[in-house]
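Structure first, then comments.
Residue numbering restarts at 1 for every chain, and letters A, B, ... go by the order of the sequence lines.
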Amino acid sequence: MKTPTKETLLEMYRVMLLARRLDERAWVLHRQGKIAFHISGIGHEAAQVGAAFALERGKDWFVPYYRDLAMLLALGLTPLEFALGLLGKKGEPSSGARQMPSHWSLRRANVVSHSSPVGTQTPHASGIGLAIKMRGDSAVVLTSIGEGSTSQGEWYEGVNWAAIHRLPVIFLVENNVYAISVRQEQQMAVATVAEKASGLGLPGVTVDGLDALAVFDVVSEAADRARRGDGPTLVETRVHRLTPHSSDDDDRSYRPREEVEAMKAGDPLSAFEQRLKQSKVLSSEKQASLEEEIGKTVADAIQAAEAAPYPEVSEASYPVYVEDIRRG
Amino acid sequence: MKTPTKETLLEMYRVMLLARRLDERAWVLHRQGKIAFHISGIGHEAAQVGAAFALERGKDWFVPYYRDLAMLLALGLTPLEFALGLLGKKGEPSSGARQMPSHWSLRRANVVSHSSPVGTQTPHASGIGLAIKMRGDSAVVLTSIGEGSTSQGEWYEGVNWAAIHRLPVIFLVENNVYAISVRQEQQMAVATVAEKASGLGLPGVTVDGLDALAVFDVVSEAADRARRGDGPTLVETRVHRLTPHSSDDDDRSYRPREEVEAMKAGDPLSAFEQRLKQSKVLSSEKQASLEEEIGKTVADAIQAAEAAPYPEVSEASYPVYVEDIRRG
Amino acid sequence: MAEITLIEGLRQAMDEELARDDRVFIVGEDVGPRGGVFRATQGLFEKYGSGRIIDSPLAELSIIGVGIGAALYGLRPICEIQFADFIHPAFNQIVNEAAKMCYRSNGEWTVPMVIRAPYGGGIGGGLYHSQSLEAFFAHVPGLKVVVPSTPREAKGLLKAAVRDPNPVLVFEPKKGYRLIKGEVPEGEEILEPLGVARVSRVGTDLTAIAYGMMHHYTLQAADALAQEGISVEVIDLRTLLPLDKATVLGSVGKTGKALIIYEDNLTGGYGGEIAAILADEAFTDLDAPVRRLGGPDVPAMPYSHPLQDWFLPNPVKIAGAMRELAAF
Amino acid sequence: MAEITLIEGLRQAMDEELARDDRVFIVGEDVGPRGGVFRATQGLFEKYGSGRIIDSPLAELSIIGVGIGAALYGLRPICEIQFADFIHPAFNQIVNEAAKMCYRSNGEWTVPMVIRAPYGGGIGGGLYHSQSLEAFFAHVPGLKVVVPSTPREAKGLLKAAVRDPNPVLVFEPKKGYRLIKGEVPEGEEILEPLGVARVSRVGTDLTAIAYGMMHHYTLQAADALAQEGISVEVIDLRTLLPLDKATVLGSVGKTGKALIIYEDNLTGGYGGEIAAILADEAFTDLDAPVRRLGGPDVPAMPYSHPLQDWFLPNPVKIAGAMRELAAF
Ligand SMILES: Cc1ncc(C[n+]2csc(CCOP(=O)(O)OP(=O)(O)O)c2C)c(N)n1
Ligand SMILES: Cc1ncc(C[n+]2csc(CCOP(=O)(O)OP(=O)(O)O)c2C)c(N)n1
Ligand SMILES: [Mg+2]
Ligand SMILES: [Mg+2]
């Protein structure tokens, strides 16, 4: 069972901090009327970074969902690339600005394109797992989803495939208890999403998603199991959605402010920061310099993206078919 | 906990025997080239009759599937009505001969029309359960399905609704281990369908579906739970499909003859007959007279159906909309 | 007379029907305390309670499937699909179940239900929050398909849909939710008949046929052409299935020229059926080719706004097509 | 040259492609030891093993969703949907996922997959084993839709579909599986290009456009009319999306009259798009109304054979429509 080195711990922290600052900046841009839409990962960063670092980045495959900014940054998405997506600018790597922001795809990092309809990605991950098994490769595939979306038949059918064929898939559930305004109790009659695994015949684990290292351990174990040929694992991370669902949402109508304030007390970023400081991995100086460096990175990325052109209108007509693909 | 009277036991046996003889006759008609299609319930009769008799026929609701001939007979479908369906003749009550045989519907007995796509009926049952609860009625609804069809997202989503809202629904699974040629191990990674209940948050029970009284007891209990307002139950009955999937199937390509022969040893009809004889509920004389009476009933029904006209071609054009409904 | 928005017309329709008939209830994602993501059900949860305004699990097929079950029992569900783009998981329940129930049961079982789905582009929704899907469903006998374009029609058509005994799919032009305002008399009951188109502008040189947002753009284009001395008759179809053929044929019989405008992909779009009807039944009246102005044949509307603008028909593009046709 | 059936052409195509490319595999219900319910994959399980001929769970959306995932990884799945009537649960995966993947990822991710679906009536299948669904999918940019009508085309088009880098949906006229026989050269490689229609009978008085079984009936009707001195040109479309417009326009430009024959419901059927194209682009060539002969607008094909016969176009009905059009 591997444990992250000091360097890895610092890198995990850096990615979480970068994700947080980029995300906060996106909210500001929205308030300024510079972007039309943002969907936030604030509160989910520890789960995403813990999971990503537990896998072999560059080799393993990922089928994420819209909250996974921190995961994508861990996989190599650059701040500029994210910013281009926010603004719908040319060169945005996931879709050439065809999709809404945070609809991820990054071929160079084995990150598969996902759509908006929730749950559709789950069978894709099982299909990738089936292909890995058929080819005798040693990669694993991780797919993430919110707890509400596990109500979809697509999720059930996708997980069932992996369980039957013991495919190398990790089903990561980021459970923030809300699906927009609908609470978990209205989505399922079980107390934890992990319990759903027992009905599908695969191991299910619930882990504190505010604790990056706890998630790192559980996902490392799931990856080992998958590589051993022992099949898939359902990993439920309990996280907090510290923002409204998206920039289109106003959550005051359905959740009390006190609840949100209480959650903020358990902010996964500061928790990880405290922990690294206590274990002397992170000094206050280092932390300050990281903040500064990241502040600059974010500012530069936004500036460059604002300066970037929109796609030419001519780009909109392709590629409908593979025959129409144009590079560059 | 109610126990069936002597009369009820005899009636259960009569319905099982009637179902068996009608079913056998349908296979003969197919061999004779008189009908184009038959799908059989032979081996499932005990589960269906045990379940139907455990409910309040006339008051409770049913959303069955194509193997449920014995259940439908228990609910009041007449042999002639079944025969008219087999031959696609006018007056067939489930669809006016629009649907294939064994696509049940019997409004007068609260039996809802189902289609061929498997799994579609499950959410309907939950919707009926929701309506019963909204209206404060005391009926329960039972829906049946094969084990293979529980792989459908429609089944999962439908059961999930009933579990969340604690609806008065009984999900009866007739598990014969095959979905046409595909065995249970290729459908699910759990050993019993009942285990799926644990992932959905409702009670799940597995019962010997070859034992009508065992099924009667389990379904009675489930009905009590539903009427008490304590929600749905998943009841898995282990049954045998003693025939090919349908008259279009030849099961020799995928299951050994020995397996089928072994199953026939455990024929639920003879098992029930033995039991009633041992408990002196059924005498050999009574059994013989029942056989004779039913033999005649079946012969008359087929004869009448063969003599019956086809629907007029003019009937085919309606009712597309409620406005087009014509009575008689 | 109060001036209200299109979405307020919808909200009033639901409020009035909920008050009129206690069998009417609303089910969908976030329709409860959140009042719907577009606020179409704002205030109804507070007024009618959780028993009649039901936040569903995040699972479209079960929203429809459960609605069908409730309708079979005799209730009058109004099912909200949050965006039309997410109706696909329910395709089986709508097309194979709701639409075919009346016919397949020879009128014994019917499905009085309404499905509401916000559709259409121009809101920065990208591929999965901009779709127009009417062509799929206007091809399904047994369904009725309605597209209101004004607040009065939104209110009157939705109220009529709730009272209609058949499954009615209401596609709501979401770009017009707050953009389109109009006078709606208070106090009196507003009911608009299904299946009746409306000549919204009288003209002599050509007939322009549209619905939803495109109807408003078409009126603007017609105004522009009036300046040039070209007189355009505009038809707002209002109901796509069943189509009001008489109004369409009557107008084209008068003008001899027809342009059909829709924002869905051109190929296989709903306008094709109208053009086909004209090519057959109005052939001798036609003085010019039947023209269609639709969206381009790319998979869906791209996000980046220059690309979105490229996709969408607008008054300028429509005026251009009218000019060309008038000059033929 | 051996004379083979249409389904044998399909079987040979899969056998050859499985042998040629080890990335090709087959997944579907009962495709393994059972060899498919129509025996299209007969013998392939024995030859290629359970690793490449995979019996899926009874869950269509996951057959397609898992296929998509495998295709994203680089494999070449051939997904069998047992009857086209059961493709609806996979509508979301086909329309929102497979068809949009290339465009939405700006060509970074592609889905080289084949979906085979037996379609059409005349086999006593009733509402849910007789459907024609091409209109739904020929409206979806990003998909290719193929309908072979002869053994040679079945083989050549399916082999080309397997090699095509896009998602290709092959609707197989199941009534013709064993009915339609034809010479197919052995030894040489049979490949038929996608997107190319075929003039199967040269004529001068009118153009009849069809595909699948209707193409054969149309040829029979054309023979009958030849006796009466009416010369009909017949086009077998073979690929519905993309449509070979040049061949259609060329023929109608010559004859001046067009009849389109399809067995799907008339309203919103695929023939409407062809009529619309002719009404625009061939307007000046047309000497008569563009006529369509389709199935009636009832939800689906009824079972009882007089009702089924009423639904289906046949050589007599087609000849009647040709006569009427020729006389215009
Ligand atoms: C099929 C489908 N239905 C509805 C939506 C609209 N929608 C977007 S996100 C969301 C809630 C998702 O909740 P959850 O799965 O818990 O993920 P979270 O956003 O909480 O991370 C909904 C209803 C959608 N995108 N897709
Ligand atoms: C959605 C759908 N897919 C495929 C079929 C074809 N089909 C009919 S019955 C059947 C097997 C059903 O097996 P199971 O659910 O175990 O029920 P059983 O027939 O064994 O009682 C299949 C695949 C169908 N009817 N519907
Ligand atoms: Mg959530
Ligand atoms: Mg079975």
Set of side-chain contact (heavy atoms from CB on, under 4.5 Å) partners for Ala189(B), sequence neighbours left out: Ala163(A)
For Leu307(D) and Ala316(B), work out which heavy atoms get closest and say how close. CD2-CB, 3.8 Å
Segment of Pro306(D) engaging chain B (4.5 angstrom heavy-atom cut-off): both
Side chain to side chain donor-acceptor pair (under 3.5 Å) filter on Asp68(B), not counting sequence neighbours, yields Gln48(B), Ser144(B)
Which atom names give the shortest non-hydrogen contact between Leu58(D) and Ala179(B), and what distance separates them? CD2-CB, 4.3 Å
Most heavy-atom pairs under 4.5 Å with chain D, out of Gly119(B), Pro101(B), Gly153(B), belong to Pro101(B)
Using a cut-off of under 4.5 Å for heavy-atom pairs, which of Ala36(B), Pro117(B), Gly88(B) has the most such pairs with chain D? Pro117(B)
With Ala224(D), which residues qualify under side-chain contact (heavy atoms from CB on, under 4.5 Å), at least two apart? none
Inter-chain donor/acceptor N,O pairs below 3.5 Å: chain B to chain D:
unit_1    : atom_1 : unit_2    : atom_2 : d
Gly88(B)  : O      : Ser304(D) : OG     : 2.6
Ala97(B)  : O      : Ser304(D) : N      : 3.0
Arg98(B)  : O      : Tyr303(D) : N      : 2.7
Gln152(B) : NE2    : Leu58(D)  : O      : 3.0
Gln152(B) : NE2    : Glu60(D)  : OE1    : 2.9
Ser181(B) : N      : Asp30(D)  : OD1    : 2.8
Ser181(B) : OG     : Asp30(D)  : OD1    : 2.6
Gln187(B) : OE1    : Leu58(D)  : N      : 2.9
Asp249(B) : OD1    : Arg34(D)  : NE     : 2.8
Asp249(B) : OD1    : Arg34(D)  : NH2    : 3.1
Tyr310(B) : OH     : His305(D) : NE2    : 3.3

